[in-house]
Amino acid sequence: MSSAVNTSLVLDMQRKLYRWSNEDPDKVFADLFNLVCDRRTLEEAWRRLARNSGSRTPGTDGMTRRLVEQRPGGAARLLDEIREALRNGTYRPEPVRQRLIPKPGKPGKFRPLGIPTLIDRLVQMALKLVLEPIFEADFYPTSYGFRRGRSTHDALARIQKFLHPTRRGPSVYRYVIEGDIKGCFDAIDHHVMMERVRKRISDRKVLRLILSFLKAGVMIEGTLRHSVTGSPQGGIISPMLSNIYLTGIDERYGRWSMHPREPSINAAARRVKDHKRGRPVFYMVRYADDFVVLVDGTREQAEAEKLALAEFLKTELRMELSMEKTRITDVREGFDFLGYRVVQSKAYRTGRWVGKLFIPKGKLNDLRYRIKATVKGIPSGCQLADVIGKLNPILSGWGNYYRYASGAYGKFSHLDFWIWQRVGRWLKMKHRNATWPTLRRRYHLSAPGKRRQWTERTKRLRLLCDGGTMRHPDLRIEKPNGWNATWGKKQRESLLDFWDAFGRLRTI
């Protein structure tokens, strides 16, 4: 069977699961293990796994995609072996290999990353293909982390929208609670997790498989450690499981945010009703374990909610809120969220208070440090094309992420000039006897009306300004996930709503 046909069949299966789950919030799925073991599901899982660069990273068994394909029978033989092991009950997950990843912008601090074996990743992918559509129907629209059709920019745009003025006047949200959970992924309680999964899944074999992944253990420097709590970061199903677990926080603020399967106007009506009666309103936006709570109320009410949230996490989710890192900030002073600086400040034209996104100074310094370290680490015996090849992916990713910030073009322009100088110093060290005019004639490409770029052969150093800047289009809180078949009509309506809103925002 061709991969295109196989993908279509798996997609049809996912759409049915999503539709059944969405139509009946109380439906419990009983026979799912056969879908996980289905040959077409495993083939689609392998296709997705093989195209990922992580397939080249071995787990504790040392197996990689290349080694599998070089064996007699290749991937087809491996899929048959896994399918047979799953069906006869002999499959057991191996411990994950732990690797410490440096935290960006925090020298000396590391994040533990668990790397499962290739076989375990394959089974997790098959499990995710079956379970994700079921639980997606229960996730709140204010949750944006690791979900299809949603991104960090969508979460930021949602916050920014609530800091904008409305037809009734300025934004009523004056404070924000910056949530921080101590060791969130390591603190996930297995019992609480399985209780949440059982609300939708009753298939014992699937439940046993999920629990086996949670209790597989971690291999640290040759020593096996069995974890009582936590879900190792790096596993394919870990983000989905964390969303299932942290949905409890979304439910706590469900009175003021849109519920699954609910029109957004209902939540807006509840917020307006509480505001008119003088009650505090708390609107939460979450991306995985990072979340902020916008407060329509006094600072004292925000402080009381912080204590209540800490108690809720302790009793309901068995987690601990970091009281030192969970700050309460005036939105006009600004706060950091998902790499951006979110501030409510006056619009240049009208003077009205609007929500704006800025690039934090720390992120600018982090990029300079990374560029400097990358260029410094390249020997002078290499070619300029090698330098360009290392820098362009960094610049492309960073520029695409921060292109939505206010004043981004000016920051990009300053960085482009700084990077041009940094690469120029590297060239000067490579050609010690060459003058600057000689280097520019040899390595420069000057286009009319554009800034000079370092170039060698077909490689050209990317300019951050070339990517341009734009406003992130926040269409609606509902997002397409590929399984809701009626999205075509909604998408057209959302596009019309967006352009109508864009016309009003131009007057701000």
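Note that this is a predicted model, so its numbers are computed, not measured. Values below: all heavy atoms of this structure, side chains included; hydrogens, waters and symmetry mates excluded.
- At most 12 heavy atoms of other shown residues, nucleotides or ligands fall within 6.0 angstrom of atom CE in Met429.
- Although no hydrogens or angles enter the test, the distance criterion places no donor-acceptor pair under 3.5 Å between the side chain of Ser380 and the main chain of Lys430.
- Here salt bridge (Lys or Arg N to Asp or Glu O under 4.0 Å) pairs that include residues 387-410, with residues two or more places apart or in two chains, number zero.
- Every residue two or more places apart in sequence or in another chain that forms a salt bridge (charged side-chain N to carboxylate O under 4.0 Å, His left out) with Asp330 is listed here: Arg174.
- Counting only distance, with no hydrogens or angles, the side chain of Asp386 and the backbone of Gln383 share a donor-acceptor pair below 3.5 Å.
- With a 4.5 Å cut-off on side-chain heavy atoms, Lys372 and Arg422 count as touching.
- Shown here are the side chain to side chain contact (heavy atoms under 4.5 Å, CB included) partners of Tyr402, two or more places apart in sequence or in another chain: Tyr340, Ile359, Pro360, Lys363, Trp398, Phe412.
- The backbone N or O of Thr326 sits less than 3.5 Å from a side-chain atom of Lys306, completing a donor-acceptor pair.
- Environment of NZ in Lys428: crowded, with over 12 heavy atoms of neighbouring residues, nucleotides or ligands closer than 6.0 Å.
- Listed for the Asn392 side chain is a donor-acceptor partner under 3.5 Å among the backbone atoms of Arg460.
- With sequence neighbours excluded, the residues satisfying salt bridge (charged side-chain N to carboxylate O under 4.0 Å, His left out) with Arg261 are Asp138.
- A donor-acceptor contact shorter than 3.5 Å links the side chain of Asp416 to the backbone of Leu464.
- Val176 places none of its side-chain heavy atoms less than 4.5 Å from the side chain of Val342.
- Looking at Arg147 and Glu136, a side-chain N of the basic residue comes within less than 4.0 Å of a carboxylate O on the acidic one, giving a salt bridge.
- For Glu251, the side chain to side chain donor-acceptor pair (under 3.5 Å) partners at least two apart in sequence or on another chain are Arg196.
- Listed for the Lys376 side chain is no donor-acceptor partner under 3.5 Å among the backbone atoms of Trp426.
- Asn400 places a side-chain N or O within donor-acceptor distance of the main-chain N or O of Ser396, the cut-off being under 3.5 Å.
- With sequence neighbours excluded, the residues that form a side chain to side chain donor-acceptor pair (under 3.5 Å) with Asp336 are Arg341.
- The shortest distance between side-chain heavy atoms of Met284 and Ile249 falls below 4.5 Å.
- For Thr142, the side chain to side chain contact (heavy atoms under 4.5 Å, CB included) test picks out Tyr140, Ser257, Tyr283, Ile477, with sequence neighbours left out.
- You'll find the ring centres of His153 and Tyr287 outside the 6.0 Å limit.
- Side-chain contact of Glu178 with Thr329: a donor-acceptor pair under 3.5 Å is present, judged by distance alone.
- Using cut-offs of 30° and 60° for the angle between ring planes, the His444 and Trp454 rings count as tilted.
- In this structure Asn365 satisfies the side chain to side chain contact (heavy atoms under 4.5 Å, CB included) test together with Arg368, sequence neighbours excluded.
- Legend: residues meeting side chain to side chain contact (heavy atoms under 4.5 Å, CB included) with Tyr369, ordered by chain and number and at least two apart, are absent.
- Below 30°, between 30° and 60°, or above 60°: for Phe417 and Trp420 the angle between ring planes is below 30°, a parallel geometry.
- Between the Thr41 side chain and the Ala126 main chain, no donor and acceptor come within less than 3.5 Å of each other.
- Using modelled atom types and a 3.5 Å distance limit, the side chains of His472 and Asp154 yield a donor-acceptor pair.
- In this view, Ser143 and Arg286 satisfy the side chain to side chain donor-acceptor pair (under 3.5 Å) rule, not counting sequence neighbours.
- In this structure, the salt bridge (charged side-chain N to carboxylate O under 4.0 Å, His left out) partners of Glu44, at least two apart in sequence or on a different chain, are Arg47, Arg48.
- No side-chain donor from either of Gln344 and Trp353 sits under 3.5 Å from a side-chain acceptor of the other.
- Every side chain to side chain donor-acceptor pair (under 3.5 Å) that Asp120 has, sequence neighbours left out, goes to Tyr91, Thr117.
- Other residues, nucleotides and ligands place more than 12 heavy atoms under 6.0 Å from the NZ atom of Lys356.
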